[in-house]
A.B. asks: 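I'd like to ask some things about the structure below.
Remember, it's 1-based here, ligands and their atoms both numbered in the order they're listed. Every heavy atom of this structure was used, including side-chain atoms; hydrogens, water molecules and symmetry mates were not. Since the structure is predicted, the reported quantities are computational estimates derived from the model, not experimental observations. Positions are given from 1, in the same order as the sequence printed here.
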Amino acid sequence: MKKGKMIILSGPSGSGKTTISHCLLSKFTELKFSVSCTTRSIRNNEIHGKDYYFLSVNSFVSKIKKHQFAEWEEVYPKLFYGTLKDEIFKIWKSNKHILVDIDVKGGINLKQQYPNNSLSIFIMVNSIKILKKRLFTRSFFEKNNKTNINVRLNKARKENSYAKLFDFILFNIDLYQTKKEAIHIVSNFIHGK
Ligand SMILES: Nc1ncnc2c1ncn2[C@@H]1O[C@H](COP(=O)(O)OP(=O)(O)OP(=O)(O)O)[C@@H](O)[C@H]1O
């Protein structure tokens, strides 16, 4: 493989990042999911090293001081998320391209770190009504509460205004069409067209 590339999938909560990530990972064997670090507690169904690297606050802060993160954020006091440079190089070394599923701020930061070999895609649901419906449906399975959803919707309004900073805006209305378009864009990018 030539130089490793990076696909950055960003968008508000519920916009479809996980859904599109799974689609792309199953379609392109040359893509590998980048596992992020977090200081939040591990949930029952999660696996360390697969869903996230679960770190203590001390360990996370020590890695920040050693400049080991390509990007990191403190979302709430002591709740950190970040992408390790080592994770990125490990994937490129294994001759794969990287797929990152990341929030909007993180996506913008990562694009700035790797401007020449990355493609940043903003997944947009421009109807707050539709986004609300999706978050409600998902919360039924996840036991999220309504307050949590309202916080996410308010954040989504703000995040949508950053879409123009991305290389591509992918409107996720009809899922079949969105997947088709995502495959098309990513195929062109990794196959160098
Ligand atoms: N085009 C679509 N039409 C209908 N439902 C959709 C569509 N795209 C995604 N969904 C559904 O919307 C919900 C949110 O999607 P998903 O979990 O992929 O979002 P996300 O951006 O990864 O959210 P988060 O950042 O909170 O993890 C899921 O239940 C998913 O099945």
Side-chain angles (χ1 to χ4, degrees), residues 6-28 31-54 71-76 79-83 87 98-111 119-163 165-186:
M6 178 185 286
I7 291 137
I8 302 164
L9 281 188
S10 284
S13 177
S15 59
K17 298 183 292 295
T18 309
T19 311
I20 302 302
S21 289
H22 288 164
C23 160
L24 293 171
L25 288 165
S26 66
K27 180 78 188 171
F28 299 101
L31 278 187
K32 183 133 175 42
F33 184 70
S34 162
V35 179
S36 300
C37 296
T38 182
T39 57
R40 81 153 162 75
S41 325
I42 187 163
R43 295 177 188 143
N44 282 340
N45 56 340
E46 290 179 322
I47 300 169
H48 175 81
K50 181 172 177 272
D51 298 290
Y52 281 101
Y53 298 112
F54 295 93
E71 63 75 37
W72 62 271
E73 280 174 65
E74 189 173 12
V75 179
Y76 299 107
L79 176 61
F80 291 92
Y81 286 89
T83 308
E87 174 75 3
I98 297 167
L99 179 75
V100 192
D101 169 340
I102 192 166
D103 80 334
V104 174
K105 210 170 153 196
I108 294 167
N109 287 340
L110 213 48
K111 177 73 196 181
L119 174 76
S120 62
I121 303 173
F122 188 98
I123 305 182
M124 167 79 87
V125 178
N126 51 356
S127 158
I128 293 292
K129 203 173 148 196
I130 292 177
L131 192 60
K132 188 174 183 179
K133 200 171 151 215
R134 286 185 196 163
L135 285 170
F136 262 109
T137 311
R138 196 180 63 175
S139 72
F140 182 77
F141 299 102
E142 276 186 353
K143 298 193 179 77
N144 274 342
N145 62 38
K146 206 177 159 192
T147 326
N148 200 345
I149 289 175
N150 285 331
V151 170
R152 285 169 196 228
L153 287 173
N154 280 333
K155 201 171 168 209
R157 285 189 185 92
K158 228 178 265 167
E159 287 172 323
N160 278 350
S161 68
Y162 291 104
L165 299 178
F166 286 73
D167 295 325
F168 207 95
I169 301 176
L170 185 62
F171 287 88
N172 181 16
I173 302 303
D174 175 77
L175 190 54
Y176 175 79
Q177 279 305 325
T178 310
K179 285 180 176 176
K180 209 171 126 185
E181 206 177 336
I183 290 168
H184 180 71
I185 306 163
V186 168

A.B. asks: Name the option, out of R134, R152, K133, that contains the heavy atom nearest to atom 11 (C) of ligand 1.
C.D. replies: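 Shortest heavy-atom distance from atom 11 (C) of ligand 1: R134.
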
A.B. asks: Just to confirm my output: which protein heavy-atom neighbour is closest to atom 25 (O) of ligand 1, and how far is it?
C.D. replies: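 Ranked first by proximity to atom 25 (O) of ligand 1 is K17 NZ, 2.8 Å.
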
A.B. asks: Taking atom OH as the centre, does Y162 end up with more than 12 heavy-atom neighbours from other residues, nucleotides or ligands that are less than 6.0 angstrom away?
C.D. replies: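 Incorrect, the count does not exceed 12.
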
A.B. asks: Minimum distance, heavy atoms only, to atom 23 (O) of ligand 1: which one of S15, G11, G14, P12 is it?
C.D. replies: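 Looking at heavy atoms only, G14 sits closest to atom 23 (O) of ligand 1.
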
A.B. asks: Which residue owns the protein heavy atom closest to atom 19 (O) of ligand 1, what's the atom, and how far is it?
C.D. replies: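 Minimum-distance protein heavy atom for atom 19 (O) of ligand 1 reads G16 N, 3.1 Å.
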
A.B. asks: Which protein heavy atom lies closest to atom 22 (O) of ligand 1, and at what distance to 0.1 Å?
C.D. replies: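 Going by distance alone, atom 22 (O) of ligand 1 is nearest to T18 OG1, 2.5 Å.
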
A.B. asks: Are there over 12 heavy-atom neighbours, none belonging to K32, within less than 6.0 Å of that residue's NZ?
C.D. replies: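 No, NZ of K32 has 12 or fewer neighbouring heavy atoms, counting only those of other groups under 6.0 Å.
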
A.B. asks: Which of these, I20, T19, V104, has its nearest heavy atom closest to atom 15 (O) of ligand 1?
C.D. replies: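 Looking at heavy atoms only, the winner is T19.
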
A.B. asks: If you have a sec, work out which protein heavy atom is nearest atom 26 (O) of ligand 1 and how many Å separate them, to one decimal?
C.D. replies: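 Atom 26 (O) of ligand 1 sits closest to the protein heavy atom S13 OG, 2.6 Å.
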
A.B. asks: Report the nearest protein non-hydrogen atom to atom 1 (N) of ligand 1: residue, atom name, distance rounded to 0.1 Å.
C.D. replies: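 For atom 1 (N) of ligand 1, the nearest protein heavy atom comes out as N172 OD1, 2.7 Å.
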
A.B. asks: At what distance is the nearest protein heavy atom to atom 17 (O) of ligand 1, and which residue and atom is it?
C.D. replies: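 Sorting protein heavy atoms by distance from atom 17 (O) of ligand 1 puts R138 NH1, 2.8 Å first.
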
A.B. asks: Can you label the angle between the F54 ring and the H48 ring as parallel, tilted or perpendicular, going by 30° and 60°?
C.D. replies: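 Because their plane-to-plane angle lies in the 30° to 60° range, the rings of F54 and H48 count as tilted.
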
A.B. asks: When you look at CG of N44, are more than 12 heavy atoms from neighbouring residues, nucleotides or ligands closer to it than 6.0 Å?
C.D. replies: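 For N44, atom CG is not crowded (no more than 12 foreign heavy atoms under 6.0 Å).
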
A.B. asks: Kindly compute the distance separating CG (L131) from OG (S13), expressed to the nearest 0.5 Å.
C.D. replies: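 Reported value, rounded in 0.5 Å steps: 7.5 Å.
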
A.B. asks: Using side-chain heavy atoms (C-beta onward) and a distance below 4.5 Å, is E73 in contact with F80?
C.D. replies: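 The answer is no, as the side chains (C-beta and beyond) never meet within the 4.5 Å cut-off.
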
A.B. asks: Which atoms of ligand 1 have any heavy atom of I173 under 4.0 Å away?
C.D. replies: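 Counting atoms of ligand 1 from 1, those under 4.0 Å from I173 are 1 (N), 2 (C), 3 (N).
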
